[in-house]
Amino acid sequence: MLKFPENFLLSLFERAVEVADPMRSLADHLPKRPAGRLIVVGAGKASARMAEAVEATWGACEGMVITRYGYGRPCQGIEIIEAAHPVPDAAGVHATRRMLDLVGGLGPDDFVLALISGGASALLTAPIEGVGFAEKQTVNCALLASGAPIGEMNVVRKHLSRVKGGQLAAAAFPARVRTLLMSDVPGDDPADIGSGPTVGDTSRPEDALAVLSKWNIEVPASVTEALRAGSGVIAPSDKRLSTTENHIFAAPAQSLSAAAEMARAAGYDVRLLGDALEGEASDLGREHAKLATAIARDRGPEDAPVLLLSGGELTVTRRGDGIGGPNAEYCLALAIALGGAPGVHAIACDTDGVDGSADIAGAIIGPETLTKARMMGIDPSAALSSNDAHGFFGSIGDQVVTGPTMTNVNDFRAILIF
């Protein structure tokens, strides 16, 4: 019997975060520092750490990146601007305008290094003509609450933007652009990371309207009119992208592999369920509970403990007014479905330290989770129904709070069965 399963699960999560730290993973993907004018730009929850890693190799650089409040890092020359995430604010709008000005007017001998990680969709904010900032905020909030998968949300975001969908790279043309990306999206498609500011896109404004209709998202009339009038999203074949290259240097699979290696070295039977799982968080929690229960039933007394690892990006359709993100909601649904099954413990956290909009990475559960809640007079099912998973785990003391991790390779989930 493992004495401290919670500590082991936490150590696996810490390992997953550690290997994705840009200070460890980015330098090998930098070219030799260009001889001409160099400008570094970027956005995302890991972008300041990425900028710090660049200057650790290249020395002081000209440029600016936009990151989430509290996620800034000390840099020698690159300006770090903090703005709101996941709902944009005026600081992000002003900073994005400055970034577009910074890369405008460059020549073919100039070089732009773009640093993009998850969170860039909210932090890079430049609404298209006819859409006000307040209206953009309204649409963003509605998308986050809809339960739509990240790929479909990004279609809408791109066509309502003057910077996403390849438009940042187009603004820098004819300068050479090399983008280093940290993936936080299922499938690691560069076009989906931060809504692809340096990556062309084949979607059309009509596709954005179809997403809004599919998920019953009501938007101001001005948004509908602006989308019907077209957008500036850049096609992959556009000449303005001919001097741009995009490279993913860190992805969820690497972090899951590192955690798996650590567990195997300790004698665990590791089973990878995939690094790109999507869907409703509570549904996947219930599905994984069935899998864990079956494994526990079939294990022999001499069999090694089993560890189920998975990643990806789950969604939550808001039905209540509680505080909860997809990782916490997954854990709560998992705990309820397990019903206190002995020998099953689990953790689910976002590697950026932010689950949904809360400054909480996620949660951890065990056989005693439901008992602890009921002894405190807390109804787990009611908490799940009102999307209050963070409130639930906060009350019983089972939240995982890391603070800013300075990285972002999506969700990390582990179920330990012994």
Side-chain angles (χ1 to χ4, degrees), residues 17-68 70-83 95-96 98-120 123-124 163 166 168-184 188 190 193-194 196-199 241-251 254-255 352 404-409:
V17 170
E18 178 186 40
V19 298
D21 184 343
M23 292 298 284
R24 295 171 55 98
S25 57
L26 185 142
D28 289 344
H29 302 275
L30 280 176
K32 182 180 179 181
R33 178 167 178 152
R37 187 183 181 193
L38 164 67
I39 293 177
V40 178
V41 296
K45 283 176 274 189
S47 63
R49 183 68 159 178
M50 293 163 74
E52 183 182 18
V54 168
E55 291 194 328
T57 299
W58 279 355
C61 299
E62 176 187 4
M64 60 175 289
V65 302
I66 311 169
T67 194
R68 190 178 192 263
Y71 281 60
R73 294 295 299 168
C75 286
Q76 303 169 51
I78 301 169
E79 182 182 1
I80 307 298
I81 299 174
E82 297 184 2
T96 303
R98 287 182 56 205
M99 186 178 295
L100 289 170
D101 290 341
L102 181 62
V103 301
L106 297 177
D109 296 327
D110 299 324
F111 186 93
V112 175
L113 179 69
L115 308 172
I116 303 297
S117 71
L123 296 164
L124 283 175
V163 69
L168 178 62
F173 183 79
R176 292 170 294 145
V177 179
R178 178 174 175 83
T179 305
L180 296 182
L181 302 116
M182 175 174 286
S183 176
D184 72 328
D188 300 331
I193 302 170
T198 63
V199 185
L241 298 182
S242 63
T243 57
T244 296
E245 58 175 315
N246 298 284
H247 177 70
I248 295 174
F249 75 93
Q254 296 164 342
S255 287
D352 63 17
T405 64
M406 306 302 166
T407 192
N408 188 7
V409 287

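The analysis underlying the following values was restricted to heavy atoms, covering all of them including side chains, and did not include hydrogens, waters or symmetry mates. Please read these numbers as outputs of a predicted model, since none were measured by experiment.
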Residues in side-chain hydrogen bond (donor to acceptor under 3.5 Å, both in side chains) contact with [X], at least two apart in sequence or another chain:
{"X": "E245", "answer": "R178"}
{"X": "D109", "answer": "none"}
{"X": "S183", "answer": "D188"}
{"X": "R33", "answer": "none"}

Is there a donor-acceptor contact under 3.5 Å from the side chain of Q76 to the main chain of G59?
->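 Answer holds: no.
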Between T179 (side chain) and T198 (backbone), is there a donor-acceptor pair under 3.5 Å?
->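 Flag not set: sc T179 to bb T198 has no pair under 3.5 Å.
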Rounded to the nearest 0.5 Å, what separates atom [atom1] in [X] from atom [atom2] in [Y]?
{"X": "D101", "Y": "M99", "atom1": "CG", "atom2": "CE", "value": "11.0 Å"}
{"X": "I193", "Y": "L181", "atom1": "CD1", "atom2": "CG", "value": "4.5 Å"}
{"X": "T67", "Y": "N408", "atom1": "OG1", "atom2": "CG", "value": "9.5 Å"}
{"X": "T407", "Y": "M50", "atom1": "OG1", "atom2": "CE", "value": "9.0 Å"}
{"X": "L168", "Y": "L124", "atom1": "CG", "atom2": "CG", "value": "7.0 Å"}
{"X": "E18", "Y": "M23", "atom1": "CD", "atom2": "CE", "value": "13.5 Å"}

Could you check D110 against I39 for side chain to side chain contact (heavy atoms under 4.5 Å, CB included), going step by step and ending with a plain yes or no?
-> CA-CA 8 Å; D110 299 324; I39 293 177; over 6 Å; no
For [X], which residues count as a side-chain contact (heavy atoms from CB on, under 4.5 Å) partner, sequence neighbours excluded?
{"X": "A83", "answer": "I66, D89, A91, L123"}
{"X": "A250", "answer": "S25, M182, Q254, V409"}
{"X": "L241", "answer": "A169, I234"}
{"X": "T243", "answer": "F173"}

Which atom names give the shortest non-hydrogen contact between [X] and [Y], and what distance separates them?
{"X": "G118", "Y": "D184", "answer": "CA-OD2, 3.1 Å"}
{"X": "P404", "Y": "G70", "answer": "CG-O, 3.3 Å"}
{"X": "L100", "Y": "A171", "answer": "CD2-CB, 4.1 Å"}
{"X": "Y71", "Y": "T405", "answer": "CE2-N, 4.2 Å"}
{"X": "I116", "Y": "G42", "answer": "CD1-CA, 4.3 Å"}
{"X": "P190", "Y": "V199", "answer": "O-CG2, 3.7 Å"}

Go through R98 and E79 one step at a time and tell me if the side chain to side chain contact (heavy atoms under 4.5 Å, CB included) criterion holds.
-> CA-CA 11 Å; R98 287 182 56 205; E79 182 182 1; 2.7 Å; yes
So which pairs with a foot in residues 39-51 pass side-chain hydrogen bond (donor to acceptor under 3.5 Å, both in side chains), sequence neighbours left out?
->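 Qualifying pairs: D21-R49, K45-D352, R49-E52.
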Write out all pairs satisfying ring pair (Phe, Tyr, Trp, His ring centres under 6.0 Å) with one or both partners inside residues 27-54, taking only residues at least two apart or from two chains.
->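 Listed by first then second residue: H29-H247.
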Are V17 and S255 close enough that some pair of their side-chain heavy atoms sits under 4.5 Å apart?
->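 The answer is no, as the side chains (C-beta and beyond) never meet within the 4.5 Å cut-off.
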